[in-house]
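Counting from 1, the numbers follow the sequence of the chain as shown.
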Amino acid sequence: MADFPPMQPTEVLRHKHFSKNQKLTLWSTTAGFGLENMDVMFISFALSSIIASLRISNFAGGLIATIFSLGTLVGGLCFGMLADKFGRARIFTSTLVIVALATAGMYFAHNIWVLYALRFIVGAGTGAEYSAGVTMVAEAFAGKKIGRLMSIVQIGGQGGSVLAALSAAFIIPRWGWNALFLVGLLPIIFAFLIRIHLKDSEEFEHAKEHRQENQQENSRVPLLAVFQTPAMALQTIGLILMMMIQTGGYYGLMNWLPKIMQKQLGLSISSSSMWMIATIAGMSLGMYAFGFILDNFGPRLAFGIFLVVAAASVYLIPMANSAWSLLLIMMMVGFFSNGMYGGYGVVVSRLYGTDIRVTANSVVSCVGKLFGGFFSALIGLMMDKTSLSVVMMFFSAIYIFSFLVMLSIPALGKKTQF
């Protein structure tokens, strides 16, 4: 594990004091998060239309997210290890070509098998987006509290979700769900133009030089290193389980909530998109609040508050009986269920060394997202076979489980700067 210099209590991060590369790192990471969020939300809003047009079951529709998660696992682990060895910026930029081609290909997907294949490729391309992005932010601001900073980057990334919601409301009724994915090329081009000027941090360059001088350390496999001791293995597995719940809850709520609300309140796609924007607004406020608590009180209290309240807040969803009540409930659910997402990158980047940091973020993020991706298919099956109340009980139970796992990770309770 890495040691980080203590931070002065009065130190404040201000954008005007950032170096050029720090600014590029923040912008490129924000664009990458926006791309990933937009892509996930495209499937959320198009899911009902995909199921209808391809004449598939809810379970088959839920598998779309699962296939995507499998792609992120393969791409995240492979590109993550390459980023730890050759450089974050180089890998962070090159994977956009894969994403661009597969996203454009979604326009031509007219059967479920082609759609599955393309979603796998998109997942592989975006697999290193999160892990490389949070790692580069952590290294660009080494020794500083970055909870709020990472949250702000995540909030900026929610712009992709807003773009997806507005695009879905306008495009799907007019040109169908296939045309929606052509919009996905825009942030890819934007991100590429930023990243061609991006450089790795001095911390990484020094670590790279050290590895080149020490052949024994250079031969270490990053994927194995994150499990090299029993204590580290348990820590890694615990963080994976927490990310699984985080992702599973997010995919479950975002992929199925529009369909649930359209059925329960008779909302159109356009209307449900507007209520989804309310959820995104709640998430953004939650992310900033979580970052503030993380910086000032540590990860245990921050995760504890959000997980417990998230478990309780999901029971409010079936209570919605009007557009305005739905608006308020979705903002609250979004605040607590996804507000803590930015904290995982902060915690992992501070608990693992420079030479395995992207790989560690990839393992936690991609493995967690893989298993979390199955939740979407499971919830689709539950909707086919059970009632909405059972689905809500399931959501609540998984957040309580994550809370218990969090308490079992010793490093999250230490009085250290995150």
Between [Y] and [X], is there a side-chain heavy-atom distance shorter than 4.5 Å?
X: Met106; Y: Leu115; value: yes
X: Tyr288; Y: Ile155; value: yes
X: Val314; Y: Tyr399; value: yes
X: Met232; Y: Ile237; value: no

Quick check: does any side chain N or O of [X] sit under 3.5 Å from a backbone N or O of [Y], one acting as donor and the other as acceptor?
X: Asn178; Y: Ala109; result: yes
X: Ser28; Y: Thr25; result: yes
X: Thr72; Y: Gly127; result: no
X: Thr126; Y: Glu129; result: no
X: Ser349; Y: Val346; result: no

With a cut-off of 6.0 Å (strictly less than), are more than 12 heavy atoms of other residues, nucleotides or ligands near [atom1] of [X]?
X: Phe371; atom1: CZ; result: no
X: Arg90; atom1: CZ; result: no
X: Phe394; atom1: CZ; result: yes

Full working for side-chain contact (heavy atoms from CB on, under 4.5 Å) between Asp355 and Asp84: CA-CA 6 Å; Asp355 57 335; Asp84 276 329; over 6 Å; no
What's the verdict on side-chain contact (heavy atoms from CB on, under 4.5 Å) for Phe120 and Val74, showing C-alpha distance, side-chain angles and the deciding distance? CA-CA 9 Å; Phe120 179 89; Val74 175; 4.0 Å; yes
Determine whether Leu73 and Lys369 satisfy the following criterion, side-chain contact (heavy atoms from CB on, under 4.5 Å), listing intermediate values before the conclusion. CA-CA 8 Å; Leu73 174 66; Lys369 287 179 179 180; over 6 Å; no
Only counting residues at least two apart or in another chain, list the ones meeting side-chain contact (heavy atoms from CB on, under 4.5 Å) with [X].
X: Ser53; result: Trp177
X: Ile121; result: Ile98, Ala102
X: Ala52; result: none

Please table the atom pairs, donor to acceptor, closer than 3.5 Å between any side-chain atom in residues 238-246 and protein atoms at least two apart or in another chain.
{"unit_1": "Gln246", "atom_1": "NE2", "unit_2": "Ser337", "atom_2": "O", "d": "3.1"}
{"unit_1": "Gln246", "atom_1": "NE2", "unit_2": "Asn338", "atom_2": "OD1", "d": "2.8"}

Show the numbers, then the answer: is there a ring-ring contact (aromatic ring centres under 6.0 Å, His included) between Phe42 and Phe181? CA-CA 7 Å; Phe42 276 172; Phe181 289 89; 5.5 Å; yes
Give a yes or no on whether the ring-centroid distance for [X] and [Y] is below 6.0 angstrom.
X: Phe18; Y: Phe141; answer: yes
X: Phe170; Y: Trp175; answer: yes
X: Tyr344; Y: Phe303; answer: yes

Inter-residue atom distance [X].[atom1] - [Y].[atom2], 0.5 Å rounding:
X: Ile67; Y: Leu370; atom1: CD1; atom2: CG; answer: 9.5 Å
X: Ile409; Y: Leu351; atom1: CD1; atom2: CG; answer: 9.0 Å
X: Phe375; Y: Met382; atom1: CZ; atom2: CE; answer: 10.5 Å
X: Met38; Y: Thr103; atom1: CE; atom2: OG1; answer: 7.0 Å
X: Leu294; Y: Ser151; atom1: CG; atom2: OG; answer: 7.5 Å
X: Asp295; Y: Leu149; atom1: CG; atom2: CG; answer: 9.0 Å

Partner of Arg119 by side chain to side chain contact (heavy atoms under 4.5 Å, CB included), out of Ile64, Leu63, Leu70: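 Per the side chain to side chain contact (heavy atoms under 4.5 Å, CB included) rule, the option paired with Arg119 is Ile64, out of Ile64, Leu63, Leu70.
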Dump the intermediate steps for side-chain contact (heavy atoms from CB on, under 4.5 Å) on Ile379 and Val391, then the final yes or no. CA-CA 7 Å; Ile379 292 166; Val391 174; 4.0 Å; yes
Residue pair [X] / [Y]: nearest heavy atoms and the distance that separates them:
X: Gln235; Y: Ala411; value: OE1-CB, 3.5 Å
X: Ser396; Y: Ala311; value: OG-O, 2.8 Å
X: Ala179; Y: Ile171; value: CB-CG2, 3.8 Å
X: Val358; Y: Ser131; value: O-CB, 3.6 Å
X: Met136; Y: Asp200; value: CE-OD1, 4.3 Å
X: Leu54; Y: His110; value: CD2-O, 3.5 Å

Going by ring-ring contact (aromatic ring centres under 6.0 Å, His included), name the residues that satisfy it together with Phe306, two or more places apart in sequence or in a different chain.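 Scan of Phe306 (ring-ring contact (aromatic ring centres under 6.0 Å, His included), adjacent residues dropped) gives Phe290, Phe335, Phe336.
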Consider side chain to side chain donor-acceptor pair (under 3.5 Å). Of Thr135, Asn361, Thr236, Thr359, which one does Tyr352 pass it with? Thr236
Mind jotting down which residue pairs meet the salt bridge (charged side-chain N to carboxylate O under 4.0 Å, His left out) criterion with at least one end in residues 132-143? Sequence neighbours excluded, please.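 Non-adjacent pairs meeting salt bridge (charged side-chain N to carboxylate O under 4.0 Å, His left out): Arg88-Glu139, Glu139-Arg357.
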Please state whether the rings of Tyr341 and Tyr130 are parallel, tilted or perpendicular, taking 30° and 60° as the class boundaries. tilted
